[in-house]
Structure formats: C-alpha cells, structure tokens
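Nothing here was measured: the structure is a model prediction, and the numbers come from that model. Each chain gets a letter, A, B and so on, in the order the sequences are listed, and its residues count up from 1.
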There are 2 protein chains.
Amino acid sequence: MKALSKGKASTIYEVAQRAGVSIATVSRALRDSDLVTADTRAKVKAAAAELRFTPNRSGRALAEGRHAANGIVFPDLVGPYYAEVVLGYEEAAAAVGSSVLILATHGRADAAAAVQELAGRVDGLAIMGQTVGDDVVRDIAATGLPLVLLARAPVAGVDTISTRNQRTAGQLTEHLLGHGHRRFAFLGDPAGSPDVAGRYAGLAAALRTRGLVPPPPVPCGLDLDSGERAARDLLAHPPDAVICANDEIALGVHLAAEQRRIHIPGDVAVTGWDDLMAARFAHLTTVAQPMRELGAVAARWLHRRIGERTARTDGRTSAARRRVLPTRLVVRRSCGTHPSEVHK
Amino acid sequence: MKALSKGKASTIYEVAQRAGVSIATVSRALRDSDLVTADTRAKVKAAAAELRFTPNRSGRALAEGRHAANGIVFPDLVGPYYAEVVLGYEEAAAAVGSSVLILATHGRADAAAAVQELAGRVDGLAIMGQTVGDDVVRDIAATGLPLVLLARAPVAGVDTISTRNQRTAGQLTEHLLGHGHRRFAFLGDPAGSPDVAGRYAGLAAALRTRGLVPPPPVPCGLDLDSGERAARDLLAHPPDAVICANDEIALGVHLAAEQRRIHIPGDVAVTGWDDLMAARFAHLTTVAQPMRELGAVAARWLHRRIGERTARTDGRTSAARRRVLPTRLVVRRSCGTHPSEVHK
DNA sequence: GTGAAAGCGCTAACAC
DNA sequence: GTGTTAGCGCTTTCAC
C-alpha cells in the first residue's frame with residue numbers, strides 16, 4: 001500500500017489498477033450495480049477507500065448528461081427573506097439528491113450573463129423576483145431547462161410559485177379600519193415587484209370598498225435604511241397608519257419614530273410584511289409568509305420536471321403550473337390597541 | 001435561420017456548423033481569444049446568439065481540470081447567523097468568478113458522504129462549525145483540495161478563520177460587573193462548539209480575576225426555543241445576569257421573562273452574541289461579529305489557494321494560515337441601566 | 001460477471 | 001488565423 005501522493009485527487013483508473021479490475025467494473029461496483037460479484041465489489045471499495053477516491057463530478061456529469069445540481073437565483077442579500085427561501089430550497093433539493101448552486105444578482109447589469117452561465121451548470125433553476133428580465137427567462141426556458149419562477153410575475157409556459165398578497169392585504173386593511181384608522185400611507189414601490197403591487201392593490205381595493213380614497217404609494221426600497229429614510233419625511237405629518245411593503249421598512253419606520261419620540265401605535269400605527277424574527281420583538285403587526293416552503297416547493301417541482309424531461313423522448317411536457325401559497329395576518333401591538341379588535 | 005428545437009441545449013458543434021468554422025474557432029471566439037479575427041468572432045457570436053448557446057460547464061470543467069465553483073458547508077439552518085456568512089461568501093466568490101455550492105448538513109449522520117461528494121464538484125471548500133469530524137477534514141485536505149475552516153477548531157495544515165470570543169467575553173463580563181451584577185448564569189454548551197467554549201472561558205477568566213467563582217454553564221441549544229425552555233427553569237430563581245451563548249438564546253430568555261412578568265434589566269440582565277437584527281429591537285446588549293466578512297475572507301483565501309495550486313508544479317504550498325476577526329461589544333438596555341457605565 | 005471501447009462537450013496542443 | 005485531434009474522468013453499450 002503505497003502512500004497517497006498529496007495534491008492530486010485519484011481517478012477511476014488508479015482504483016482499477018489497485019483493485020486489479022477494469023474501470024468499468026470500478027464504476028459498477030462503486031454505484032452498487034448488481035452486475036458485479038460481492039467479492040469484486042468489496043475489493044473495489046477497499047481500493048477506493050485506500051486511495052480516498054471520490055469520483056470527479058464533471059466527468060460523471062458529462063457522461064450522464066446531467067449535473068445532479070440545481071440552482072437558485074435571488075436578487076439581493078439584504079435581510080433574512082431570501083435566506084429563508086434559499087435554505088428551504090437547499091433542504092428540499094438535498095432530500096432528492098441534488099446539489100444546490102446559489103447566485104445573487106445584486107441588481108448587477110451583467111446579471112443575465114451570470115444566470116445564463118449558471119443555467120449551463122444545472123439541471124433546473126429557480127429564479128426569484130426581479131433578477132432578470134422576461135427575455136432571459138424565455139431564452140432559458142427555450143433550451144428546455146426546467147425552470148420555476150418565485151415571487152415574480154409569470155412568464156408564458158413557465159412554472160410560477162408566489163404567495164398570497166392581495167387578499168391578505170385586504171384583511172390587514174380591514175383590521176386597521178376596525179381600529180378606527182382612516183388616513184393611510186403605503187410605503188413601498190408597486191412598480192418594483194409584483195408582491196408589492198399585490199399588497200398595495202389589496203389595500204386600495206379594501207379602502208375603495210369602504211368608500212375611501214387610497215393614498216398614492218410612497219416609493220421606498222425594501223430595506224431597513226430605506227424605511228427609516230422614508231419615515232423621516234412621512235412622520236413630519238403622521239397619518240393614522242403606515243402600511244409598509246415589508247418588515248424591514250416597518251422596522252425602519254419604528255426606528256425613525258423612536259427618534260422623533262412618536263409613539264407606536266399611540267400616535268401612528270405601523271404594519272409590515274414577512275414576519276421576520278425581529279418583527280416579533282418590535283411587536284410589529286405583519287403578515288407571515290411561508291418562505292421556507294416557497295423554496296421547498298420550488299425544489300420539488302424542479303425535481304419532477306427534471307424527471308419528466310428525461311422520461312419523455314418527445315419534447316412535450318405538461319402545462320405550466322401556478323401555485324399561490326397562503327399567507328397569514330399576525331396581529332401584534334403596532335397596529336393599535338383599541339378594544340374594537342375583531343381579529344383575536 | 002431555422003428555429004431552435006426546444007428541449008435540448010445546443011453544443012459547440014452546432015454553433016461551429018452554423019458559423020461555418022471549426023469548434024476550436026468557436027471556443028476561441030467565445031472566450032475572446034485574440035487568435036481570431038474580429039470578423040470571425042462576430043460571425044461566431046452571432047451564430048451562438050441565434051442558437052442561444054451556453055457552453056456546457058461539465059465539458060469545460062473536465063477539459064480545464066477545474067470547476068470554477070467553490071462550496072460552503074454549514075451545520076444548520078436555524079437563525080440568520082449562517083445565512084449571513086454564506087451570503088458574504090457568495091458575494092466574494094462571485095467577485096472572483098466562482099460559482100457557489102451550498103450544503104447544509106443538519107447534523108445528519110451521512111454528512112461526511114455529502115461533504116465528500118461536494119468536494120468532488122468544487123475547486124475549494126469552506127467548512128463551518130461542527131459539520132464533520134477532523135478525519136473528514138484531513139481526508140479532503142489530503143487530496144490537495146484547498147480548504148478553509150470557519151468558526152471551528154483548527155486542524156493541522158488547514159487554514160482557519162474564526163472570530164474573537166474570549167477577549168470580548170471578558171469585556172462583556174467587566175461591563176456587567178460595572179453594573180453591579182455579581183451572580184451570573186451562562187446559557188450554552190461549551191462542549192458543543194469552540195465559539196461557545198471561548199465565550200464561556202472569557203466569562204470565567206474575568207470572574208476569577210475579580211475573585212469570583214464562575215457559574216457552571218447551563219447546556220442549551222443555540223436556537224430561540226432552547227433558550228426559552230432553559231430560561232423557564234432559570235428564571236424561577238433569577239441570577240443578576242444571564243449571559244447567553246448567542247442572541248437567539250437571549251431572545252428566548254426575553255420571551256420567557258415577558259411571560260413571567262420578569263423585567264429586563266430591572267430584575268435580571270440578559271446578554272447575547274451575534275447582534276442579529278432582532279437584537280436591536282429587543283434592546284439586547286450583545287457582541288457584533290463580522291459574519292459577512294467571515295464568509296468573504298474565506299472565499300478570498302480559497303481563491304488564492306486555488307491559484308497557488310495551479311501555479312506550482314511541486315506539491316508544496318505555503319503554511320496554514322490563521323485569522324481571528326475582531327468582535328465588538330454592543331451595549332443596549334438589557335444589561336442594566338445603572339449610571340456606573342464605563343463603556344459608552 | 002467483466003473488459004474494451006465509444007462517447008459526453010469542451011479546451012488546448014499541434015499542424016497547416 | 002484556423003482546423004485537426006487528443007484527451008479531461010466518467011458511464012455505458014457491446015462483446016466475450
């Protein structure tokens with residue numbers, strides 16, 4: 001047993017030589033094919049262990065025509081939202097034997113190229129939010145690569161998973177109206193994402209039902225700092241309630257209010273969206289989304305699509321799927337303390 | 001221009017045929033080699049664009065002998081800590097042109113196999129915390145794969161990056177002593193991780209310096225629920241101060257105290273570690289760690305190691321590196337409100 | 001049951 | 001400047 005030469009990974013040829021068999025037999029034995037005798041298998045596995053052999057995945061991927069890896073693309077890294085989705089995705093992908101590649105686009109101009117390059121490394125791809133344009137999505141879909149869109153406006157022929165926005169935003173609005181609030185502000189940019197658009201639409205619809213005029217949205221980034229900055233202006237003349245497009249914005253408002261010694265909910269009600277861990281400790285009324293589940297469903301759908309793809313010889317696949325995951329209103333103190341609360 | 005046949009990605013051969021050149025020329029043109037005329041390059045790029053050609057990375061990886069991808073292994077998914085590290089890693093890796101594979105071990109028994117398999121897909125690997133044993137680390141290191149350990153006890157010959165625990169824990173303890181606290185409790189399991197061990201050691205050392213006897217640690221998982229559960233017993237007879245191994249535990253204590261109507265810091269002081277976003281809103285005194293930076297440094301070190309590896313023909317590489325990133329005490333309300341505060 | 005050999009898609013000598 | 005061709009490490013027919 002000669003020692004390992006440090007610095008280079010061993011190949012199937014070395015294992016074959018050491019075990020005294022052919023590379024074909026090594027390949028079979030290591031993958032527990034029943035085309036080898038138990039004896040040979042043991043011999044091969046011993047040799048592989050001695051050499052600390054791990055098959056080079058590029059070689060295998062090329063030979064098998066598949067990567068055994070999926071990718072997920074998300075726009076940005078700020079805040080826990082995307083992290084949760086990615087982790088749900090990883091968990092589900094690992095469960096079906098797929099490695100996971102991640103890509104953050106950071107709103108970079110060359111995002112499209114990076115996504116295209118990623119597409120060449122994986123068997124399936126999940127694309128979140130506003131990372132790349134519809135044209136890129138269509139191009140990739142046209143290659144036949146299984147794709148699923150997350151929290152993003154649908155593209156013809158591509159699977160899409162999102163979370164319920166409009167209806168729950170309506171519930172939230174009703175709840176605030178129940179507190180007696182009438183003058184609202186909305187912090188967030190409906191043009192920036194379909195999620196924010198849905199939340200604003202839900203607010204607007206609920207107000208109109210009550211004969212109230214919806215406020216124009218106040219455009220705002222989805223991070224804490226943007227929320228704090230936007231709030232500095234807004235709180236000069238506080239409305240009854242500030243509905244924020246997500247928790248980070250709401251937490252920013254919280255900080256700005258603290259600085260101005262404006263009391264929440266006494267002087268102004270504030271709500272968020274996402275139910276981040278921090279929301280609980282800021283006593284923020286918000287909407288909980290199944291972020292982990294969002295990622296997990298995406299991974300499972302891709303797995304099935306990949307299976308379909310290899311199963312069929314013709315190009316046909318089943319129709320594009322849609323799914324909207326339910327969200328849930330989480331009432332805490334920030335929306336008001338009036339006894340008129342209906343939701344308990 | 002005949003239409004694309006949906007369902008299969010195009011290859012370099014098809015591009016070559018369409019452009020009327022050889023595959024070698026396609027390869028060169030697409031990689032902007034200056035061995036092709038501008039004219040040919042344009043022709044090839046046009047053909048590639050028409051076919052929506054993206055090079056298959058497995059083929060390229062096999063030919064180049066490198067994956068252009070790095071991996072990162074982390075134990076678990078609970079809480080924002082690992083997410084931050086991973087995202088810092090991704091960002092830095094992307095900056096040097098590396099894709100990123102993630103793997104969560106979840107304390108699974110077959111973690112070693114999963115990590116070994118990952119090792120076969122990447123040019124370098126970052127391994128966090130208690131994901132796999134030293135034996136696995138040594139095996140992988142022996143293959144010559146560049147490796148970096150994160151927040152983990154060092155292994156001979158392998159690069160390690162960690163954050164400062166003991167000294168800052170001492171500062172934290174001094175601060176608490178300054179508030180007049182004398183009876184302490186420590187929530188966390190020093191045997192579970194070197195980070196926790198370091199934090200406890202810092203506490204113990206600081207107390208001994210003052211002639212006080214350190215409390216035995218109260219073993220506790222690193223998540224919110226574990227903290228809340230542990231606090232239920234602990235708060236029956238509250239000490240002056242509860243020093244928690246991380247923020248999630250401290251936030252759990254916070255919730256338990258709220259339920260029992262025990263006031264923080266009036267009745268008991270509480271501190272955490274990590275400075276999560278939620279810590280700010282729970283007014284938690286804690287220690288900030290550069291989590292993003294931790295990941296980013298790992299990615300940069302790996303990049304350099306990979307460069308060294310291909311540069312040298314002999315097996316030699318420079319000695320194993322160590323780095324300890326600084327941490328910073330963040331004083332908020334949860335540690336006490338006495339006027340004797342020294343740290344501002 | 002095992003081996004020989006033909007690729008998988010790409011890069012990089014080496015010719016011309 | 002461009003084409004030919006030999007691999008990269010592996011899986012998988014196809015013979016034996």
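In this structure, B:Asn56 places its CG atom 12 Å from P of C:dC8, rounding to the nearest Å. Atom CD1 in A:Ile12 sits about 13 Å away from atom C1' in C:dG3, given to the nearest Å. Remark: P of C:dC8 and CZ of A:Arg121 are 22 Å apart, rounded to the nearest angstrom. One atom, CG of A:Asp39, and another, C1' of C:dG1, lie 12 Å apart when rounded to the nearest Å. Separating the CG atom of A:Leu51 from the P atom of D:dG9 is a distance of 14 Å, rounded to the nearest angstrom. Rounded to an integer number of Å, the gap from OH of B:Tyr13 to C1' of D:dT4 is 11 Å. Spacing between atom CZ of B:Arg66 and atom P of C:dG9 amounts to 21 Å, rounded to whole angstrom units. For the pair A:Leu30 CG and D:dT12 P, the computed distance is 13 Å after rounding to whole Å.
If you check the side chains of A:His67 and B:Ser58, you find a donor sitting under 3.5 Å from an acceptor.
Of the candidates C:dG7, D:dG1, D:dT12, D:dG1 carries the atom nearest the B:Thr37 side chain, counting heavy atoms from C-beta on. Checking D:dT11, C:dA12, C:dC8 against every side-chain atom of A:Leu62, the shortest atom distance belongs to C:dC8. Across D:dT11, D:dG3, C:dT11, the shortest atom-to-atom separation from the side chain of A:Ile23 is found for D:dT11. In the set C:dA12, C:dC10, C:dT2, C:dA12 carries the atom at the smallest distance from any side-chain atom of B:Ala24. With distances taken from any side-chain atom of B:Ala63 to the nucleotides D:dC8, D:dT11, D:dT2, the minimum falls on D:dC8. Side-chain atoms of B:Thr11 lie closest to C:dC10 of the nucleotides C:dC10, C:dT2, D:dC10. Among the nucleotides C:dT11, D:dC10, D:dG3, the one closest to any side-chain atom of B:Arg31 is C:dT11. Listed nucleotides D:dC10, C:dT2, C:dC10 differ in distance to A:Thr40; the shortest reach to its side chain belongs to C:dT2.
In terms of phosphate contacts, A:Arg60 brings a side-chain nitrogen or oxygen within less than 4.0 Å of OP1 or OP2 of D:dT11. Contact check, A:Arg28 against D:dT12: no side-chain N or O comes under 4.0 Å of OP1 or OP2. Contact annotation: A:Thr25 side-chain N/O to C:dG3 OP1/OP2 distance is under 4.0 Å. A close approach under 4.0 Å does not occur between any side-chain nitrogen or oxygen of B:Ser27 and OP1 or OP2 of C:dC10.
Closest-nucleotide positions on DNA chain D for B:Gly20 and A:Thr54 were compared, and the one nearer the 5' end corresponds to B:Gly20.
In this structure, A:Lys43 does not pair ionically with A:Glu50, as no charged nitrogen and carboxylate oxygen lie closer than 4.0 Å.
Between the side chain of B:Arg41 and the base of D:dG1, no donor-acceptor pair under 3.5 Å is found.
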Legend entry - B:Ser99 vs A:Arg121, side-chain hydrogen bond (donor to acceptor under 3.5 Å, both in side chains): CA-CA, chis, key distance, verdict: CA-CA 9 Å; B:Ser99 293; A:Arg121 299 180 164 264; 3.1 Å; yes

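Within the 4.0 angstrom heavy-atom criterion, no nucleotide atom of any strand lies near A:Arg57. Looking at heavy-atom distances under 4.0 Å, A:Ser58 makes no contact with the nucleic acid at all.
Listed by first and then second residue, the salt bridge (charged side-chain N to carboxylate O under 4.0 Å, His left out) pairs that reach into residues 138-148 of chain A are A:Asp139-B:Arg52, sequence neighbours excluded. Each side-chain hydrogen bond (donor to acceptor under 3.5 Å, both in side chains) pair with one or both residues in residues 122-134 of chain B, not counting sequence neighbours, appears once here: B:Asp134-B:Arg152.
Panel note: side chain B:Ser10, backbone B:Leu51; a donor-acceptor pair is recorded below 3.5 Å.
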